[in-house]
Structure formats: C-alpha cells, structure tokens
Amino acid sequence: MIALEEAQARVNRQLSVLDEAAVDLRDAVGHVLAKTIISAEAIPPFANTAMDGFAVRAADTVGATKDDPVSLPVVATIAAGAVSDRTLQPGEAMRIMTGAPLPPGSDAVVMVELTRPNGFDVDVMAEVPVGNHVRPAGDDIPEGIEVFHPGTLLTPGHIGVLASLGRQRVTVFRRPRVGVMSTGDELVDGTEPLKPGQIRDSNRVMLLSLIEQAGLEPYDLGLVRDDEASLERALMGGVDRCDAIITSGGVSMGDFDYVKAVLTRLGDFSWMQVAIKPAKPFVFGVLDGVPIFGLPGNPVSSMVSFELFARPALRRMMGRLDADRPRVRAVSTESLRRHQDGKTHFMRVLAQESADGWTARSAGGQGSHQLLAMATANGLAVVPDGEGIEAGDIIEVILLD
Ligand code: AMP
Ligand code: MG
C-alpha cells in the first residue's frame with residue numbers, strides 16, 4: 001500500500017492547467033480568469049446623482065429648514081442619459097434624476113423628499129453639504145487600476161463589473177470536459193426489470209453530477225462491458241473527446257477487472273493500492289495528454305475516490321486556487337470504531353456548526369456499498385489508523401457540499 005499523499009502527488013505531478021481561451025461574457029461564469037483585468041474606463045464615468053431630487057450649490061442651502069425653506073428657481077430638468085448644456089448659476093436649482101450627470105456649477109443634490117414645489121420654484125427644506133448624494137467619477141472603479149487578478153473565479157458579480165467596463169470577451173482557463181464511463185457486466189442502464197445478478201448503474205450519473213457540482217463540464221461516455229476490446233474502444237473514444245476521463249469499476253483484484261489491465265497496457269499507468277478505506281484501489285495515468293482516473297466500482301468508494309483524487313486535480317486543471325474542500329476540526333459526539341489495518345478511514349458523518357464550534361456524528365452504515373449514508377452525510381471524517389476515536393475526541397472533517 002502507498003500513502004494517500006503519495007498517490008495524490010503522483011496525480012498532481014502529471015497534471016497541468018489547461019490552456020487559455022477567450023470566451024463571451026455570457027459563457028464566462030464559473031471559469032477562472034487567466035489575465036489581469038485593468039479598468040479601461042472609470043466607473044461611474046462621470047459624477048452623477050444617487051437620488052432623484054434637485055442639483056444645487058450647497059452654499060445656497062445654508063440655514064434652510066422645513067419652517068424656513070430656501071426658494072430656488074428650477075431652471076432645467078436632467079433625465080438619466082441626458083446632459084445639461086448650461087451651468088447652474090448661484091441661486092438656481094435643476095431637477096435631476098438618479099444616474100443623471102451633475103450639471104456644471106452644482107456641487108450637491110437635495111433629495112426630492114426634502115423639497116416642496118412652489119410654483120416655478122422649489123422650496124429646499126434642509127441644508128446640505130458639498131457632495132451630498134453625489135457619486136463622483138471613478139467612485140466604484142477608478143480608471144487604470146488592476147481590477148481582477150488571474151485565478152479569480154468569475155461569479156455573476158465579476159461578470160457585471162466586466163460588462164460595466166465594456167468587456168465582451170474575457171480570457172479564462174479552459175474548463176476540462178470530463179468524460180465518465182461505468183464498467184461492469186452486471187450493470188443495467190435504465191428502468192427495465194433487473195434480471196438475477198444485475199444491478200443498476202448508479203455511479204455514472206452520480207459522478208457526472210459530482211463533476212457538474214465541482215464546476216467542471218460533465219460528458220457521458222456510457223456503460224461499457226467487461227471486455228478488453230470494448231474498454232479500449234471506449235477509452236480511445238473518450239480520449240478524442242474529453243480533457244479528462246473518469247472510469248468506475250474494474251480496478252480491483254477480480255478476474256474481470258479489465259480497466260486496470262487495459263490502461264496499464266495502453267500507457268504509463270500506475271495501479272495503486274492506497275492506504276485508505278474505502279477506495280483502496282486506484283489507477284491513474286495520462287493517455288495522449290488526457291488524464292484518466294480509474295476509480296473503484298463500489299459506489300461509496302467511487303465517490304470518496306473522486307473526492308480525494310479527481311476533484312482537486314480537475315479543479316486545478318481549470319486554474320482554481322480553491323481546488324480542495326474545506327476541512328474543519330470537530331468534536332465527535334459519539335465513538336467511531338474501526339480496526340487497525342494500516343489505512344486512514346474516511347467515515348461518512350453529519351457535521352454541524354454551533355456557537356461552540358463543529359460537532360460530528362456518524363451518518364449511518366459505513367460499508368463501501370452503503371450509499372445512503374454517503375448521500376445524507378455532509379462530511380468525511382478522517383479517522384487515522386488505530387482502534388478509532390472516543391466520544392468527545394477531536395477529528396478532522398472534510399466538508400462536502
Ligand atoms: P468493481 O470495482 O468493478 O469490482 O465493483 C465493485 C462493486 O461495485 C461491485 O459490487 C459492483 O457491482 C459495484 N459497482 C460497480 N460499478 C457500479 C456502478 N456503476 N454502479 C453501481 N454499482 C457498481
Ligand atoms: Mg466490475
């Protein structure tokens with residue numbers, strides 16, 4: 001057996017970030033920025049009003065109150081998108097709408113709620129300081145600054161900023177398209193009644209959803225039978241169409257575990273016995289530039305193996321700096337028993353955060369075929385080799401979504 005860290009290092013050594021691509025802003029969310037964004041324009045581009053109201057000179061409002069307002073003639077109305085062609089003179093006001101540029105000569109806005117119409121005049125009922133409700137040019141983003149750095153994961157907020165800066169395309173790292181195939185003669189795809197010995201293929205759709213949830217692009221490579229020719233065909237087809245491939249099943253010690261056999265024949269693949277439970281067997285290598293992760297078929301093993309090997313590696317390929325799941329230290333509210341076997345166990349737990357910190361308890365059956373507990377769990381407790389832990393002990397928990 002080899003240590004988990006060594007197996008992970010073997011994967012990481014052979015991976016690199018995918019190339020850069022310019023994508024339309026509409027397709028950019030969820031990608032990682034590859035180039036620094038510098039603001040070509042100031043946002044806002046001009047000083048404008050944050051309120052519907054009246055542009056004035058602050059000095060003209062001195063002493064104004066509700067009972068003793070200052071009356072100013074209203075000499076123009078400025079809508080958002082319009083520009084005043086005249087300068088505000090002392091003792092004048094202009095009606096102005098949110099977002100409209102401040103007219104030259106004015107230095108403050110009185111919100112409409114603090115005014116009262118008075119014929120062709122407006123009664124200003126409060127004294128306002130210079131700059132009142134004025135959004136100066138560049139108040140959000142000055143021109144010529146570094147706005148976003150490479151490695152930024154683009155969220156809708158980033159997309160909004162890029163749009164306001166007039167960008168239509170943005171350079172990102174390509175997101176790997178990750179193909180998934182299930183292998184196994186016992187597997188059934190679909191809803192037909194099961195014949196004796198058959199089970200339904202659950203791993204493929206599960207892995208495809210894990211890929212999607214990890215922010216990667218899932219690609220279905222189908223269900224493949226346990227024979228070398230079919231596997232080779234499916235793998236070579238996948239290599240042509242995908243940036244990475246995940247297989248499930250066929251990597252253990254069984255007589256028909258052909259994934260291991262085919263991969264080690266096709267290229268420089270290492271078959272590893274990793275000192276973890278579940279998910280001990282694992283195959284990894286790169287075929288024609290496409291990394292292939294051979295995960296074990298037991299559903300929980302498949303998922304844990306994805307979490308420990310594939311997810312962080314694939315996220316690194318798309319430039320994510322936050323490739324790994326967060327980890328917390330939690331108090332176990334019950335004992336988690338296990339036997340000494342030279343492996344680190346990843347137990348499915350329910351982790352909960354309270355004012356006193358995190359607690360964790362078992363999510364149910366810990367067999368590698370018991371997917372229900374994995375489904376309800378929100379964490380993997382890292383239980384080191386030994387006899388397990390007692391209630392009240394501290395354990396490390398990998399937080400899942
Ligand atoms: P294997 O890794 O191929 O030896 O499979 C180990 C166990 O996982 C067996 O009980 C398989 O029937 C089961 N298994 C393999 N692939 C899948 C799958 N795609 N969906 C559900 N169970 C599977
Ligand atoms: Mg199998």
Side-chain angles (χ1 to χ4, degrees), residues 1-2 4 7 178-214 218-235 237-238 242 244-266 269-285 292-311 343 345-346 348 364-377:
M1 288 196 294
I2 64 167
L4 172 63
V178 186
V180 175
M181 71 178 75
S182 283
T183 73
D185 282 346
E186 74 280 30
L187 300 176
V188 170
D189 191 9
T191 57
E192 70 238 49
L194 296 175
K195 298 197 188 87
Q198 292 186 324
I199 59 165
R200 301 193 194 281
D201 173 9
S202 57
N203 286 353
R204 186 155 42 104
V205 68
M206 179 182 77
L207 288 164
L208 288 165
S209 357
L210 281 166
I211 288 163
E212 167 136 48
Q213 207 180 44
Y219 189 86
D220 192 353
L221 291 172
L223 171 54
V224 186
R225 295 295 151 201
D226 284 323
D227 79 77
E228 298 206 23
S230 311
L231 277 169
E232 181 168 344
R233 218 177 311 118
L235 285 164
C242 301
I245 294 175
I246 291 179
T247 66
S248 121
V251 295
S252 304
M253 303 289 276
D255 289 350
F256 310 103
D257 285 340
Y258 293 130
V259 174
K260 177 179 69 177
V262 170
L263 285 176
T264 44
R265 176 163 55 74
L266 287 178
F269 279 77
S270 20
W271 179 63
M272 295 168 250
Q273 297 270 66
V274 189
I276 56 173
K277 185 179 177 180
K280 180 171 74 160
F282 173 55
V283 176
F284 181 77
I292 302 181
F293 300 79
L295 312 186
N298 270 309
V300 178
S301 308
S302 245
M303 228 169 144
V304 169
S305 194
F306 178 87
E307 288 294 336
L308 297 178
F309 300 113
R311 187 181 185 276
K343 302 180 200 165
H345 289 200
F346 290 87
R348 279 68 73 200
Q366 296 290 329
S368 60
H369 59 296
Q370 291 175 303
L371 194 53
L372 187 55
M374 181 88 207
T376 51

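Each ligand, and each atom within it, is numbered from 1 in the order the structure gives. Just so you know, these numbers come straight off a predicted model, no measurement behind them. These numbers come from the heavy atoms of this one structure, side chains and all, not from hydrogens, waters or symmetry mates.
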For a ring pair (Phe, Tyr, Trp, His ring centres under 6.0 Å) check, start with the C-alpha distance between Phe293 and Phe309, then their side-chain angles and the critical distance, and finish with the verdict. CA-CA 8 Å; Phe293 300 79; Phe309 300 113; 8.2 Å; no
Less than 3.5 Å apart, which donor and acceptor atoms pair up between the side chains of residues 253-262 and the rest of the protein, not counting sequence neighbours?
unit_1 : atom_1 : unit_2 : atom_2 : d
Asp257 : OD2    : Ser252 : N      : 3.1
Asp257 : OD2    : Met253 : N      : 3.3
Asp257 : OD2    : Gly254 : N      : 2.7
Lys260 : NZ     : Ser252 : O      : 2.8

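With sequence neighbours excluded, no residue satisfies side-chain hydrogen bond (donor to acceptor under 3.5 Å, both in side chains) with Gln213. Every salt bridge (Lys or Arg N to Asp or Glu O under 4.0 Å) that Asp220 has, sequence neighbours left out, goes to Arg204.
Met272 places none of its side-chain heavy atoms less than 4.5 Å from the side chain of Val283. Here the side chains of Leu194 and Val188 are in contact, with some heavy-atom distance below 4.5 Å.
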Enumerate, one pair per line, all nitrogen or oxygen atoms of ligand 1 lying under 3.5 Å from a protein nitrogen or oxygen, stating the separation to 0.1 Å; write 'none' if no such pair exists.
unit_1   : atom_1 : unit_2 : atom_2 : d
ligand 1 : 2 (O)  : Gly297 : N      : 2.8
ligand 1 : 3 (O)  : Gly250 : N      : 2.9
ligand 1 : 8 (O)  : Gly297 : O      : 3.3
ligand 1 : 8 (O)  : Asn298 : N      : 3.1
ligand 1 : 12 (O) : Glu186 : OE2    : 2.5
ligand 1 : 14 (N) : Gly297 : O      : 3.3
ligand 1 : 19 (N) : Ser182 : OG     : 3.3
ligand 1 : 19 (N) : Asp201 : OD1    : 2.8
ligand 1 : 20 (N) : Ser202 : N      : 3.1
ligand 1 : 20 (N) : Ser202 : OG     : 3.4
ligand 1 : 20 (N) : Asn203 : N      : 3.3

